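Report on the following structure.
Quick caveat, the model's predicted, so the values are computed rather than measured. The sequence lines fix the lettering, A, B, ..., with proteins before strands; numbering per chain opens at 1.
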Amino acid sequence: MSTLPEADNFIEEFIVEDLKNGKHDGRILTRFPPEPNGYLHIGHAKAITINFEIAKKFGGSSNLRMDDTNPSTEETHFVSSIEDDIKWLGYEWAGETLYTSNYFGELYELALQLIDKGLAFVDDSTAAEIAEQKGDIDRPGINSPFRDRPATENRDLFERMKGGEFADGSKVLRAKIDMTHPNLLLRDPVLYRIKHETHHRTGDEWCIYPLYDFAHGQSDSIEHITHSLCSLEFRHHRDLYNWIIEALGIFPSRQIEFARMNVDYLITSKRRLKLLVDQGLVAGWDDPRLGTIAGMRRRGYPAAAIRNFCLRTGVTKRDNQQEFDFLEHNVREVLNVSADRYMAVLDPVKLVITNYPEGQSESLSSDNNPEDASRGQREIPFGREIWVEREDYRKEPQNRKYYRLAPEKDVRLKSAYIIHVDGHEEDADGTVTQINATYYPDSKSGEDTSEIKAKGTIHWVSVGQGIDVAVREYDKLFTDPTPMDHEGRDFLEFINPNSVTTITAKGEPGLADVVADEALQFLRKGYYTLDKDSTKEKVIFNSTCGLKSSWKG
RNA sequence: AGACCCAUGGUGUAAUUGGCAACACAACAGUUUUUGGUACUGUCAUUCAAGGUUCGAGUCCUUGUGGGUCUACCA
């Protein structure tokens, strides 16, 4: 027996305990069971991470199972987007993608067994009647008038339900448990309903479909899932999950619930996500402002950053609200070492180096990534006229705590020369139209003999050779970190009207050759990535996130 | 109201299962720096409340308080 890994959270403690007891011969198999009716989001990423990482840690594996028991809402195209997202996140499921609909036949047989054991019955009550029979939190339910039908009659009726004899809603199959049970889910829950609808995989083969409680758990058993990890809201379902396992004597998968993760400014409600997309409030399911996997990917978040974030936020049973800052911290951590640096001026103003010979230009080299020498260097054209950031200039001479451009200040141009600011020209409104400076020829980067100390370094782009690039700057989609948590107010009231702004920036020539999915940093500004809308004629970048700044000016 | 779940700093997680409350993010103050980035250093909680058990309690017991979940032929 090899030594067991140490448990890092309560789920792993349960697993270690099961392993020590020799349960399932030490085999570990988890599963991720999405319903193919929408796109995956950060909350799913958390569940995926937990299921796949825990299995991996204990030498097991994980299944991917589409929980497709409701033909009215599920579509095939969601299946492939879900598969793509999981693969992109960096996880590999065991074997083929599985489907609950693969088990419709077995599930039907199990239902028959339950009927034969006298533990399920066909009910002719309407949905409203069943709801009424159910009672509520402090009122016990009452038995259905059809509850005592003999098993043979139930079997006959159920077979005819399958045969298509009855109309939608006219009959259901219910478990026979206890109509006074404090857990309302055990008050004779509905197991099967009639739906004459075409299923995305089984077509018109079936007109009865199992409900979640008679599909999910049993699929776990069929696949011999050892640990079925799900979120807290399924706690009450566990009693039914176990009841069915016991009643049928099928493989005893163990359900363990953990608290779902909430992240500030990100919504994880499929319904509301769909609303934002349908109303055109965002540019689609992969809008970079959304917490969908596809959106975060388009935004430029590395998969490793999302994985780290999910891993580091832990696994507990408490409600939790993660700060957006921590998500971005994980993004920056990965990008700092993986993103090549470029210079781009987002709000350009021209700077003229008056003592640099007119018509002259030179090529300067710069590190692609100061964190990784193996990334090499690149050449950047330099000349008499350059673009600099408007916010890097102050009209008035500034105090010594200010390191950037202002009259009489010495500032280094990244990978180029130190310049001395002489002044500026402005229009009638007082807007600066040009900055004038002189450079120190002996201060060239790498061979500086000037002995001038310039505290500040700024980025720049040659006017002659710089290219225009479109940049989409993103802000939070909502003005409130928890837009859903306001009693009596709709989350749409908190939509930030200025969450995206597109600007035209000046970028160094190399930016024309950037490829999709490449992470880059615009020096001193932030991380960016090429958008899918980008073309050779019009280069478009998405802002991933800004750089941290300790400057308080 | 009933059942079930939860409670440690601004946020999130730890605490050898009863032995001087740790780590990360954020914030603040510095050092280094050709990115006001990165890296590095320092500061920031007597663990919801009140009792109890014990030499000793964040960990155990009791009673409160606060929060969450559940009354779909959705998953």
Side-chain angles (χ1 to χ4, degrees), chain A residues 8-9 33-35 37 67-70 72-74 100 123 125-128 130-131 134-141 168-174 181-187 189-195 208-209 211-213 215-216 230-239 257 259 261 264 270-271 309 312-330 332-333 336-337 341 343 366-367 370-371 401-404 411-418 443 445-446 448 454-459 521-527 546-553:
Chain A
D8 283 328
N9 54 248
E35 184 187 11
N37 69 346
D67 213 349
D68 56 350
T69 61
N70 188 351
S72 342
T73 55
E74 293 143 7
T100 297
D123 197 336
S125 306
T126 63
I130 289 175
K134 190 162 208 155
D136 59 36
I137 277 161
D138 43 20
R139 188 167 50 93
D168 287 8
S170 62
K171 282 178 171 47
V172 291
L173 180 73
R174 287 227 261 169
H181 199 103
N183 180 349
L184 304 235
L185 275 164
L186 291 252
R187 320 244 266 224
V190 175
L191 267 23
Y192 263 91
R193 80 284 222 186
I194 301 171
K195 258 181 191 282
I208 55 171
Y209 293 94
L211 272 94
Y212 170 81
D213 287 300
H216 177 83
C230 61
S231 49
L232 242 34
E233 60 266 35
F234 292 98
R235 166 60 191 92
H236 303 285
H237 291 261
R238 190 172 81 215
D239 297 336
E257 313 86 16
M261 176 179 72
D264 284 352
K270 263 186 214 172
R271 209 198 93 228
F309 175 67
R312 290 167 176 171
T313 46
V315 183
T316 64
K317 299 178 80 162
R318 320 178 198 159
D319 296 332
N320 61 89
Q321 189 70 35
Q322 306 292 341
E323 289 179 336
F324 197 77
D325 277 328
F326 188 52
L327 209 208
E328 287 203 330
H329 167 262
N330 282 278
R332 290 192 193 99
E333 181 188 36
N336 178 47
V337 297
R341 273 60 168 171
M343 289 201 280
S366 186
D367 287 337
E371 304 294 321
K401 297 285 277 179
Y402 176 84
Y403 308 148
R404 306 181 330 214
V411 173
R412 164 136 247 144
L413 295 176
K414 174 70 181 175
S415 297
Y417 301 89
I418 295 175
S443 67
S445 189
D448 184 354
K455 185 74 175 158
T457 300
I458 63 165
H459 57 101
Q521 182 192 107
F522 287 173
L523 218 66
R524 298 210 305 135
K525 299 312 282 185
Y527 295 101
L547 255 28
K548 283 187 63 174
S549 172
S550 55
W551 164 245
K552 300 168 218 39

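Two residues, A:D319 and A:Y527, neighbour RNA chain B, and the one matched to the more 5' nucleotide by heavy-atom proximity is A:Y527. Residues A:Y402 and A:R318 both approach RNA chain B. Their nearest nucleotides, taken by heavy-atom distance, put A:R318 toward the 5′ side.
B:A49 and B:G37 have their P atoms separated by 39 Å, with the value rounded to a whole Å. Spacing of P atoms, B:U34 relative to B:C28, comes out at 25 Å, to the nearest Å. One P atom belongs to B:U13, the other to B:A50, and the distance between them is 25 Å to the nearest Å. Atom P of B:C48 sits at a distance of 15 Å from the matching atom of B:A14, rounded to the whole Å. B:A15 and B:U47: their C1' atoms are spaced 11 Å apart (whole Å). Only the P atoms considered, B:C44 is 22 Å distant from B:A39, to the nearest whole Å. B:G12 and B:G51 are spaced 28 Å apart, taking the P atom of each and rounding to whole Å. B:U41 and B:C61 have their P atoms separated by 40 Å, given to the nearest Å.
Among the heavy atoms of the strands, none lies under 4.0 Å from A:K525. Across all strands, A:Y209 comes closer than 4.0 Å to no nucleic acid atom at all (heavy-atom distances). Residue A:H236 is classed as a base contact, given a heavy-atom separation below 4.0 Å to a base. Using a 4.0 Å heavy-atom criterion, one finds that A:T73 contacts no nucleic acid atom at all. Among the protein residues, A:Q321 comes within range of the sugar-phosphate backbone only, with heavy atoms under 4.0 Å from sugar or phosphate atoms but none that close to a base. Across all strands shown, A:S415 has heavy atoms under 4.0 Å from base atoms, whether or not it also approaches the sugar-phosphate. A:S231 comes within 4.0 angstrom of nothing in the nucleic acid, heavy atoms only. As judged by a 4.0 angstrom heavy-atom cut-off over every strand, A:P34 is placed among residues making no nucleic acid contact. A:V172 comes within contact range of at least one nucleobase, with a heavy-atom separation under 4.0 Å. Here A:H237 lies in heavy-atom contact (under 4.0 Å) with a base. Across all strands, A:N336 comes closer than 4.0 Å to base atoms (heavy-atom distances). When heavy atoms are screened at a 4.0 angstrom cut-off, A:R341 is found touching base atoms of the nucleic acid. Heavy atoms of A:R404 sit under 4.0 angstrom from at least one base atom. If you check every strand for non-hydrogen atoms under 4.0 Å, A:K414 touches a base.
Extent of RNA chain B lying under 4.0 Å from chain A heavy atoms, first and last nucleotide in 5' to 3' order, is B:A1 to B:A75.
In this structure, A:K171 contributes its side chain and A:G169 its backbone to no donor-acceptor pair below 3.5 Å. Here the side chain of A:D68 pairs a donor or acceptor atom with the backbone of A:T100 at under 3.5 angstrom. Side-chain atoms of A:N183 never come within 3.5 Å of backbone atoms of A:H181 as a donor-acceptor pair (strictly under, hydrogens ignored).
In terms of the side chain to side chain donor-acceptor pair (under 3.5 Å) criterion, residue partners of A:N330 (sequence neighbours excluded) are, by chain and number, A:R312. Under the salt bridge (Lys or Arg N to Asp or Glu O under 4.0 Å) criterion, A:K270 pairs with no residue, sequence neighbours left out. Residues passing the salt bridge (Lys or Arg N to Asp or Glu O under 4.0 Å) test with A:D367: none are found, sequence neighbours excluded. Listed by chain and residue number, A:D392 satisfy the salt bridge (Lys or Arg N to Asp or Glu O under 4.0 Å) test with A:R524 (two or more places apart in sequence, or in another chain).
For RNA chain B, if you chain together Watson-Crick or G-U pairs that step i with j, i+1 with j-1 and so on, the runs of at least three with distances under 3.5 Å are B:2-7 with B:65-70, B:10-13 with B:22-25, B:27-31 with B:39-43, B:48-52 with B:60-64.
Aromatic rings from A:Y212 and A:H237 are positioned such that their centres are separated by under 6.0 Å.
Distance check, rounded to the nearest 0.5 Å: CE of A:M343 to NZ of A:K414 gives 8.0 Å. To the nearest 0.5 Å, the span separating CG on A:N336 from CD on A:E371 amounts to 4.5 Å.
In B:U17 the base sits syn relative to the sugar, since the glycosidic angle is no further than 90° from 0.
A donor-acceptor pair shorter than 3.5 Å cannot be found between the side chains of A:D319 and A:Q321.
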